[in-house]
Amino acid sequence: MAEPLTIFLAGGGTGGHLYPGIAVAEAMRAVLPDVRPVFLCTQREIDAVILKPTGFEFIPQPIVPPVSSVGGLLKFYKSWRETKDLVKQLLTDRRPAAVLGLGGYAAGVAVKKAAAQGIPTAVLNPDVIPGKANKFLMSVVKAVCCQFEATSGFVGSSARGKLQMTGCPIRSDITAPPPRDEAAKRLGIDPMLKTLVVTGASLGARTVNEAVLTMLGGMSLRGWQVLHLSGREHADAVRAGYRDLSVTSRVIDFTPAMADVWAATDLAISRSGASSCAELTACGIPSILMPYPYHRDMHQKVNAEQLVSAGGAVLLDDEKDRAKNAAKLQPVIEQLMYDAGKRQKMADAAKAIGKPDAAERVARLLVGLAS
Ligand SMILES: CC(=O)N[C@H]1[C@@H](OP(=O)(O)OP(=O)(O)OC[C@H]2O[C@@H](n3ccc(=O)[nH]c3=O)[C@H](O)[C@@H]2O)O[C@H](CO)[C@@H](O)[C@@H]1O
């Protein structure tokens with residue numbers, strides 16, 4: 001009997017890196033049932049929280065993020081060396097047929113080492129602007145899987161030929177959404193009310209949470225409820241915030257059931273990480289995007305601009321100040337909440353640039369590289 005094809009998926013540390021990998025792993029199984037995806041993730045708690053329920057094998061690497069201080073860099077180099085030893089062993093023991101980098105600091109060692117050994121490699125690049133790890137890896141990989149055409153303006157001419165506009169892979173249950181009523185029931189929200197979803201991605205976003213709570217203190221929500229995905233770290237503060245408000249709300253710290261969430265969403269306030277953008281467009285959801293304001297390259301803002309220029313979203317800079325953010329948010333929300341026609345136009349525009357089959361495209365590419 002032929003041995004199953006092992007494929008390494010390297011990266012982690014946030015949902016934004018892991019979920020596209022999970023989507024590709026699921027799609028590879030559909031293309032080739034005896035493929036064996038193995039995740040080389042990080043030791044962060046969120047990685048285990050996300051990967052355990054999938055049933056896919058995962059191996060945490062000792063890698064830590066590079067922090068720009070002498071101590072931080074020393075820690076990073078030490079963890080890089082330890083990760084190199086682990087990866088070297090894994091490449092020998094498990095003999096993967098291909099390696100996919102999922103972006104971020106936890107992808108670098110495995111993709112680089114595999115490429116040096118002649119194993120076919122590719123990276124996912126779902127943000128418009130490639131991150132440091134992807135820039136570092138573009139010269140060694142065979143393919144760079146992108147979500148946005150605009151990425152070609154941010155890479156050198158040698159990498160440009162490797163770009164493939166696959167889209168950002170999305171979990172399969174999200175692209176085949178359940179009926180809205182059933183989703184609302186499972187989420188514990190009222191199916192008769194319209195739903196404003198607030199999300200700061202898998203870890204939550206304190207400034208987004210605070211902006212929304214402050215805004216809600218100054219308005220009433222006729223016919224609407226709020227489903228607030230707070231992030232684990234911020235759940236207590238957000239729950240306490242709603243106690244003082246007369247708003248129908250449900251706070252969930254983190255849920256893997258995003259298919260239910262998006263199926264029940266009428267309007268979203270969201271960060272603009274790559275997967276959030278991919279899900280909002282694939283599902284056709286009108287949104288107000290508040291990009292993460294602390295990255296030097298402001299890549300979430302550039303992601304958001306792609307949805308805005310298509311007409312599917314409104315961009316609102318996060319001023320890192322709850323009162324200023326709330327004051328800017330309120331008129332935009334009020335206008336969209338009570339203008340169903342405008343929401344529908346935005347939903348259609350978002351959907352027009354969505355790529356719901358991205359996972360399958362990347363899976364086929366990877367299986368092709370591996371065989
Ligand atoms: C702060 C930061 O540096 N974030 C980066 C991180 O993604 P980060 O994880 O912050 O954000 P993304 O939008 O890419 O992904 C969030 C994912 O978490 C899921 N989700 C969210 C809440 C929840 O309760 N349950 C759940 O499953 C969403 O459905 C989505 O799939 O990598 C992305 C890809 O390089 C970048 O674009 C982001 O800038």
Side-chain angles (χ1 to χ4, degrees), residues 13-17 44 46 65-69 72 103-105 126-132 154 196-219 221 226-245 247 249 251-254 265 267-277 279-280 285-309 312-337:
T14 69
H17 293 123
R44 288 184 87 171
I46 190 79
V67 177
S68 45
S69 68
Y105 62 91
D127 295 297
V128 175
I129 302 181
K132 279 196 197 113
F154 292 89
L196 170 69
V197 164
V198 180
T199 171
S202 55
L203 305 175
R206 183 181 52 82
T207 50
V208 173
N209 292 342
E210 290 176 354
V212 170
L213 286 168
T214 307
M215 173 192 76
L216 292 173
M219 63 189 284
L221 298 186
V226 184
L227 172 59
H228 198 134
L229 309 180
S230 62
R232 291 179 165 224
E233 210 180 289
H234 313 291
D236 291 346
V238 172
R239 285 203 177 95
Y242 278 101
R243 253 174 248 137
D244 302 327
L245 299 173
V247 166
S249 64
V251 178
I252 300 180
D253 55 357
F254 171 81
T265 305
L267 178 63
I269 298 175
S270 174
R271 283 278 193 236
S272 42
S275 288
S276 299
C277 291
E279 292 164 16
L280 289 165
I285 293 171
S287 60
I288 295 158
L289 298 175
M290 295 182 68
Y292 183 80
Y294 302 102
H295 291 134
R296 214 176 281 167
D297 65 1
M298 290 299 284
H299 67 257
Q300 288 205 2
K301 183 164 179 172
V302 185
N303 289 346
E305 283 164 356
Q306 312 308 305
L307 277 70
V308 174
S309 65
V314 173
L315 171 63
L316 216 141
D317 284 319
D318 182 342
E319 309 270 357
K320 307 170 205 164
D321 176 290
R322 62 191 306 160
K324 275 192 200 159
N325 280 341
K328 288 200 314 191
L329 202 49
Q330 187 164 343
V332 181
I333 284 285
E334 278 177 341
Q335 197 220 348
L336 289 175
M337 274 184 158

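Basis for what follows: all heavy atoms, side chains included, without hydrogens, waters or symmetry-related copies.
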Can you give each donor-acceptor pair under 3.5 Å made by side-chain atoms of residues 227-239, sequence neighbours left out, with the distance rounded to 0.1 Å?
unit_1 : atom_1 : unit_2 : atom_2 : d
His228 : ND1    : Tyr242 : OH     : 2.8
His228 : NE2    : Asn209 : OD1    : 2.8
Arg239 : NH2    : Val251 : O      : 3.1

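A donor-acceptor pair under 3.5 Å links the side-chain atoms of Asp318 to the main chain of Lys320, judged by distance alone. In this structure, Gln330 contributes its side chain and Gly218 its backbone to a donor-acceptor pair below 3.5 Å. With hydrogens and angles disregarded, no donor-acceptor distance shorter than 3.5 Å links the side chain of Thr265 to the backbone of Leu267. Looking at Ser287, its side chain never comes within 3.5 Å of a backbone N or O of Leu289 through a donor-acceptor pair.
Closest heavy-atom contact between Gly273 and Asn303: C-ND2, 4.0 Å. When all heavy atoms of Ala274 and Pro126 are compared, the pair lying nearest together is CB-CB, 3.4 Å. Smallest separation of non-hydrogen atoms from Tyr292 and Arg271: N-CD, 3.5 Å. Shown here for Ile285 and Ala268, the closest heavy-atom pair between the two residues is CG2-CB, 4.1 Å. When all heavy atoms are compared, the tightest approach of Ala327 to Pro331 is O-CD, 3.1 Å.
Leu336 CG to Ile269 CD1: the interatomic distance, rounded to the nearest 0.5 Å, is 9.5 Å. Once rounded to the nearest 0.5 Å, the distance linking CD of Glu319 with CG of Leu329 reads 11.5 Å. Note that OG1 of Thr14 is 5.0 Å distant from NE2 of His17, once rounded to the nearest 0.5 Å. Distance check, rounded to the nearest 0.5 Å: CG of Asn325 to CG of Leu213 gives 12.0 Å.
Looking at heavy atoms from C-beta onward, Arg44 lies in side-chain contact with Leu203 at the 4.5 angstrom threshold. The shortest distance between side-chain heavy atoms of Ser270 and Leu280 falls below 4.5 Å. Between Asp297 and Phe154 there is no side-chain heavy-atom pair separated by less than 4.5 Å.
For Gln306, the side chain to side chain contact (heavy atoms under 4.5 Å, CB included) criterion is met by Val128, Phe148, Ala150, Val302, not counting sequence neighbours. With sequence neighbours excluded, the residues forming a side chain to side chain contact (heavy atoms under 4.5 Å, CB included) with Lys301 are Pro291, Met298, Glu305, Leu315, Asp317, listed by chain and number.
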